[in-house]
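Take a look at the structure below.
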Amino acid sequence: MNKSTIATSILMLALGFPLAISMVSCSATPTSESTGQYVDDTTISTKLRAKFIDDPTVSTLNINVETFKGVVQLSGFANSMAEIKQAELLAKDTSGVKSVRNDIHLKK
């Protein structure tokens, strides 16, 4: 090997290693999301909150929405069973939603 080949190999290694590390750090694990998945989940939650605002039955202030890997978690309190059911229906009808966990409780 000549000096030029060695220098090129070292340069490629120096540039390739950080790139490989950055790609691994953006990948998903069972307990964390990739950057792209985080953006997708944030989009799902935002779309669903917008649906809640437009719906006369659902109170946006009392129902929380969290999304992780396409699974929507609804929590909070509702004034009626109709509100609980409507929130779940809106969630299931949102693009990108894989499933819905409905933990909304009826106010007493």
Side-chain angles (χ1 to χ4, degrees):
M1 285 187 141
N2 61 29
K3 289 182 182 180
S4 174
T5 306
I6 293 172
T8 302
S9 297
I10 291 172
L11 180 61
M12 290 178 69
L13 182 63
L15 295 175
F17 185 71
L19 179 61
I21 294 297
S22 68
M23 290 174 69
V24 169
S25 67
C26 291
S27 63
T29 67
T31 59
S32 69
E33 297 173 299
S34 68
T35 303
Q37 184 66 54
Y38 176 80
V39 171
D40 291 346
D41 287 343
T42 301
T43 301
I44 290 170
S45 294
T46 301
K47 285 181 187 177
L48 184 52
R49 287 185 190 103
K51 286 183 176 186
F52 286 177
I53 289 169
D54 290 338
D55 192 280
T57 307
V58 180
S59 172
T60 307
L61 299 175
N62 296 328
I63 298 175
N64 302 310
V65 178
E66 292 182 36
T67 307
F68 182 73
K69 295 187 176 185
V71 178
V72 173
Q73 172 82 39
L74 301 174
S75 61
F77 297 93
N79 294 316
S80 66
M81 286 303 296
E83 183 177 4
I84 294 171
K85 290 178 184 178
Q86 181 66 6
E88 184 172 344
L89 286 173
L90 291 171
K92 287 180 178 179
D93 191 42
T94 301
S95 176
V97 173
K98 294 178 183 175
S99 65
V100 177
R101 293 183 183 156
N102 192 343
D103 289 327
I104 302 171
H105 298 281
L106 191 60
K107 286 183 186 177
K108 294 183 180 184

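Everything numeric here is computed off the predicted structure, so don't read it as measured data. Along the sequence shown, the residues carry numbers beginning at 1.
Every side chain to side chain donor-acceptor pair (under 3.5 Å) that Asn62 has, sequence neighbours left out, goes to Ser59. For Thr43, the side chain to side chain contact (heavy atoms under 4.5 Å, CB included) partners two or more places apart in sequence, or in a different chain, are Val39, Lys47. Scanning for side chain to side chain contact (heavy atoms under 4.5 Å, CB included) contacts around Ser99 gives Val71, with sequence neighbours left out. With sequence neighbours excluded, the residues forming a side chain to side chain donor-acceptor pair (under 3.5 Å) with Asp103 are Gln73, listed by chain and number. Remark: Glu66 engages no residue in a side chain to side chain donor-acceptor pair (under 3.5 Å) (not counting sequence neighbours).
The side-chain contact (heavy atoms from CB on, under 4.5 Å) test with Thr46 is passed by exactly one of Thr42, Ile44, Leu48: Thr42.
Through ILVMFWY side-chain contacts below 4.5 Å, Leu61 is grouped with nothing and stands alone.
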Using a 3.5 Å cut-off and no angle test, enumerate the donor-acceptor pairs between side-chain atoms of residues 89-98 and protein atoms at least two apart in sequence or in another chain.
from, atom 1, to, atom 2, distance (Å)
Lys92, NZ, Glu88, OE2, 3.0
Thr94, OG1, Lys51, NZ, 3.1
Thr94, OG1, Leu90, O, 2.7

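Note that the CD1 atom of Ile63 and the CD1 atom of Ile84 stand 7.5 Å from one another [nearest 0.5 Å]. Ser80 OG to Lys85 NZ: the interatomic distance, rounded to the nearest 0.5 Å, is 9.5 Å. Separation of atoms CZ (Phe77) and CD (Glu83) is listed at 12.0 Å; rounding is to 0.5 Å.
Under the 4.5 Å side-chain heavy-atom criterion for Ile, Leu, Val, Met, Phe, Trp and Tyr, Phe52 and Met81 are members of the same hydrophobic cluster.
By the 4.5 Å heavy-atom criterion applied to side chains, Leu74 and Val65 are counted as neighbours.
Shown here for Ile104 and Ala87, the closest heavy-atom pair between the two residues is CD1-CB, 3.8 Å.
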